[in-house]
Amino acid sequence: MQQLLQEFKNDLTDFREMTKKFYAGEVSQKDYKGFSGGFGSYAQRGRKVSMLRLRLPGGRLPKEKLKFVADIIAQYQVKRVHFTTCQTIQLHDLSEQEVCEIMEKAFDAGIITRGGGGDFPRNVMASPLSGVEKGECFDVMPYAMAASDFLLGFIKKVKLPRKLKVGFSNSPANETHVTFRDLGFAAREDGTFDVYSAGGLGNNPLMGVKVAEQVQPSDILYYIKAMVDTFLAHGNYESRAKSRTRYMQAELGAEGYKAAFLEMLEKAREEDLKLTVQETPVEKSADGTRVSGNRIIAQKQNGLYAVRYHPVGGVPRPEKFAELYAAVEPMDDVELRIGPDEEIYIINLTGEEAEKILEVTSDSARNMFETSVACIGSTVCQIGLRDSQGALKAVLDEVEKYHFRDGVLPRIHISGCTSSCGTHQIGTLGFHGGVKRIDGAAEPAFTFHVNGSDTEGKERFGEQWGMMLQKDMPAFFAELGQAVEAEQTTYEKWFASDPEKLRKIAEKYLH
């Protein structure tokens with residue numbers, strides 16, 4: 001691994017040279033995107049500044065890495081940070097010099113940006129409370145970390161058709177969407193995994209194919225190797241639009257794809273890829289202080305807690321990282337975990353420590369609706385069509401006037417385009433950006449998705465009901481909230497009782 005990391009670091013010379021050429025106007029935006037993505041960086045809209053994505057396997061942000069992020073933000077006066085739905089941190093608005101320097105310093109701090117974008121194995125995901133969550137099947141985090149190390153080895157060895165996303169879930173809550181990932185490991189109560197493959201969100205979404213059941217955790221690397229080899233053999237190298245793993249399923253059929261995968265699995269078994277991981281149980285003692293609240297989660301370790309912090313839109317104040325580090329630095333065994341809904345969890349807290357973290361994170365979303373998910377949007381993203389962050393802010397500002405009870409409005413998911421970086425397709429209510437012509441004029445609009453779900457065994461993509469003008473979204477949610485509030489119930493129960501009530505309200509705003 002050390003040799004591989006040194007090779008990654010040596011590649012930074014090429015990144016510096018290409019970035020210099022891009023900002024000098026010698027390289028096209030398309031060519032630079034194809035190159036820089038493999039290093040976890042993209043030029044933002046307008047070609048004047050860059051984004052850098054910090055790859056954090058399993059969403060883990062231990063104290064030493066938290067300190068690095070806090071120090072970098074202070075040193076370079078980073079003005080915009082975003083938590084992603086793939087459990088990474090994006091630093092935005094970086095100059096040519098800044099993006100190169102921070103990338104190199106990240107390597108020295110143990111944060112690898114390589115493969116953070118482009119046609120590579122991406123950040124490996126894991127349920128954020130794995131290892132501490134009550135009711136979980138088992139702790140999947142050690143396996144996610146081992147998978148991440150293994151996948152890094154492919155970055156220098158093979159040329160994939162497109163990106164490859166791998167995830168692990170610790171329960172049927174399926175927060176990491178493993179049943180419709182490129183490759184997903186779903187934990188079972190018997191201590192094994194069910195394995196799903198060739199699924200994904202975005203254009204032409206598909207649920208994954210269950211390629212195996214009751215897989216021993218020690219065998220996961222065989223399945224990862226089989227996935228890579230299947231993608232190399234059957235992936236589409238000719239059309240980028242059809243080069244995600246789900247198109248192999250569409251081309252071969254579910255049974256045909258499964259057969260192709262299992263063939264590669266048998267070949268992979270010729271290698272010695274048995275895995276042994278060392279689990280590290282939490283041995284911290286409680287202090288006897290009991291706490292509760294809508295952001296407090298009691299861990300399975302008696303007397304210990306996790307605190308959920310969700311900055312609105314997944315965009316925390318940059319100074320928040322330094323504040324969090326100052327708070328957790330003296331606390332034993334505490335670490336942060338980034339969640340797939342753009343929040344973070346601070347875990348392994350005693351009751352007294354949890355109270356301190358609650359205070360430090362008092363700017364968190366206050367209710368379910370404020371925990372809504374939005375990608376960074378078109379003001380930053382090259383391919384984004386609509387300003388997801390702006391749309392969410394406008395809706396929240398309008399709804400704030402009504403002081404609805406928590407649960408009257410659900411968490412919503414907003415993507416600036418069809419790529420589903422805001423995971424709109426599996427949201428209770430979701431939106432993806434586009435354009436609608438009204439009286440001959442192009443109006444900013446979002447396609448409305450209804451009743452998606454990511455729960456294992458109940459997975460479904462939301463139905464598309466039509467397009468809603470961006471300017472009408474605040475009024476729609478105000479009316480929806482008033483309708484639910486009038487029945488003194490929650491949105492979930494209100495919709496379940498009669499979905500047509502939502503359609504009657506929505507049809508006033510849909511085109």
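The first residue in the sequence is number 1, and the count goes up from there.
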- Message: Restricting to non-hydrogen atoms, name the atom on Met467 and the atom on Ala445 that form the minimum distance, rounded to 0.1 Å.
- Response: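 Heavy-atom minimum between the residues: CE-CB, 3.8 Å.
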
- Which atoms form the tightest heavy-atom contact between Pro444 and Arg386, and what is the distance?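 Of all heavy-atom pairs spanning Pro444 and Arg386, the closest is CB-NE, 3.3 Å.
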
Does the side chain of [X] pick up a donor-acceptor pair with the side chain of [Y] at under 3.5 Å?
{"X": "Gln44", "Y": "Asp93", "value": "yes"}
{"X": "Thr361", "Y": "Arg295", "value": "yes"}
{"X": "His82", "Y": "His92", "value": "no"}
{"X": "Ser378", "Y": "Asp387", "value": "no"}
{"X": "Arg246", "Y": "Asn204", "value": "no"}
{"X": "Glu456", "Y": "Asn174", "value": "no"}

Look at [X] together with [Y] and state whether they make a salt bridge at an N to O cut-off of under 4.0 Å.
{"X": "Asp182", "Y": "Arg122", "value": "no"}
{"X": "Glu359", "Y": "Lys356", "value": "no"}
{"X": "Lys67", "Y": "Glu64", "value": "no"}
{"X": "Lys63", "Y": "Glu329", "value": "no"}

- Message: Would you say that more than 12 heavy atoms from the other residues, nucleotides or ligands in this model lie under 6.0 Å from the CD of Glu492, or not?
- Response: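 Result for CD/Glu492: open.
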
- Message: Does Glu463 have more than 12 heavy atoms from other residues, nucleotides or ligands lying within 6.0 Å of its CD?
- Response: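 Not more than 12 within 6.0 Å, no.
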
- Message: Contact between Leu52 and Thr113 at the side-chain level, heavy atoms closer than 4.5 Å - yes or no?
- Response: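 Yes, at least one pair of side-chain atoms sits under 4.5 Å.
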
- Message: Name the residue from Tyr143, Phe193, Tyr223, Tyr196 that meets the ring-ring contact (aromatic ring centres under 6.0 Å, His included) definition with Phe168.
- Response: Phe193

- Which class fits the ring pair Tyr491 and Phe495: parallel under 30°, tilted 30 to 60°, perpendicular over 60°? parallel

- Would you call the rings of Phe431 and Phe446 parallel, tilted or perpendicular if under 30° counts as parallel and over 60° as perpendicular? perpendicular

- Item | Pi-cation contact, Phe369 with Arg411 (under 6.0 Å, within 45°) |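 No, Arg411 does not lie over the aromatic ring of Phe369.
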
- Do Lys105 and Tyr76 meet the cation-pi criteria used here (NZ or CZ under 6.0 Å from the six-membered ring centre, within 45° of the axis)?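 Pair Lys105/Tyr76 does not count as cation-pi.
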
Please list, one pair per line, the donor and acceptor atoms closer than 3.5 Å that link side chains of residues 468-479 to other protein atoms, with sequence neighbours excluded.
unit_1	atom_1	unit_2	atom_2	d
Glu479	OE1	Tyr509	OH	2.6
Glu479	OE2	Lys508	NZ	2.4

- Item | Verdict with reasoning, Leu206 to Tyr247, per side chain to side chain contact (heavy atoms under 4.5 Å, CB included) | CA-CA 9 Å; Leu206 281 177; Tyr247 289 97; over 6 Å; no

